[in-house]
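Just below is one structure, and these are the notes that go with it.
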Amino acid sequence: MRPATEEEAAEILAAEALAMRRATLVQRRLRLFEQAADGEIPDAADLTGTVQVDFGAMRSLTRHWPDDELRVDEDAGIAWFLRYNGHDGDTWAANNHGRFIARKMPLTPDRLQLLADLRREYSSGRESHS
């Protein structure tokens, strides 16, 4: 047995780097959008003027529900995180946008940086491994 050459290891190292980079983005997204304390859940969500930002969510073959969404209106300085809330056991009365709970939050500098990083990562046509 011998250590792999740089050329032999390149594909594995690239896949590991991709996974690590995306795992870091997931943790930032969880902290800044899904677990944020500064958002509000209005009675109704007006997503007019928003643009969806890809964060690598993928529907698996075993799931039969929509993916969560991240939508932003940078001109208004607002972000919306939409969490699907239609599973068995969910409180559907909490929904304010169809089958979703839409949380509205301000676009802070940290959130704007994360949005830029997500766009760079997922808009580049890179293969998805999430």
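Predicted, not measured: the structure shown is a model, and the values here were computed from it.
- Salt bridge annotation for D38-R111: present, with a cationic side-chain nitrogen under 4.0 angstrom from a carboxylate oxygen.
- In this pair, Y84 and H87 present their aromatic rings perpendicular. The plane angle is above 60°, beyond the 30 to 60° band.
- Salt bridge annotation for R28-D117: present, with a cationic side-chain nitrogen under 4.0 angstrom from a carboxylate oxygen.
- To the nearest 0.5 Å, the span separating CZ on F81 from CG on L32 amounts to 12.0 Å.
- Crowding of E40 atom CD: a count of heavy atoms from other residues, nucleotides or ligands under 6.0 Å exceeding 12.
- Looking only at distances, no side-chain donor or acceptor of N85 sits under 3.5 Å from a matching main-chain atom of R99.
- Going from atom CG of N95 over to atom CZ of R83 covers 8.5 Å, rounded to the nearest 0.5 Å.
- Residues I78 and K104 have side chains in contact (heavy-atom distance under 4.5 Å, counting atoms from C-beta outward).
- Residues A36 and M105 share a closest heavy-atom pair of CB-SD, 4.4 Å.
- With hydrogens and angles left out, the side-chain atoms of D46 and T48 include a donor and acceptor closer than 3.5 Å.
- Evaluated for a side chain to side chain contact (heavy atoms under 4.5 Å, CB included) with D73, the options L47, V51, T50 yield exactly one hit, T50.
- Taking the side chain as every heavy atom from C-beta outward, E74 and L107 approach each other to under 4.5 Å.
- Heavy-atom neighbours of Q35 CD from other residues, nucleotides or ligands within 6.0 Å: above the threshold of 12.
- Proximity of a side-chain donor or acceptor of T91 to a complementary backbone N or O of A94 within less than 3.5 Å is not detected.
- One finds a salt bridge joining E8 and R2 here, because a Lys/Arg side-chain nitrogen approaches an Asp/Glu carboxylate oxygen to under 4.0 Å.
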Stepwise side chain to side chain contact (heavy atoms under 4.5 Å, CB included) check, I101 with H97: CA-CA 6 Å; I101 295 175; H97 188 73; over 6 Å; no
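- When all heavy atoms of P42 and A102 are compared, the closest pair comes out as CD-O, 3.8 Å.
- Taking F33 as the reference, nothing meets the ring pair (Phe, Tyr, Trp, His ring centres under 6.0 Å) condition, with sequence neighbours excluded.
- With contacts defined as side-chain heavy-atom distances shorter than 4.5 Å, the pair L82/D68 does not qualify.
- Taking CG of L118 as the reference point, atom CZ of F55 lies at 8.5 Å (rounded to 0.5 Å).
- The shortest side-chain heavy-atom distance between D54 and S123 does not fall under the 4.5 Å cut-off.
- The shortest side-chain heavy-atom distance between W80 and E69 does not fall under the 4.5 Å cut-off.
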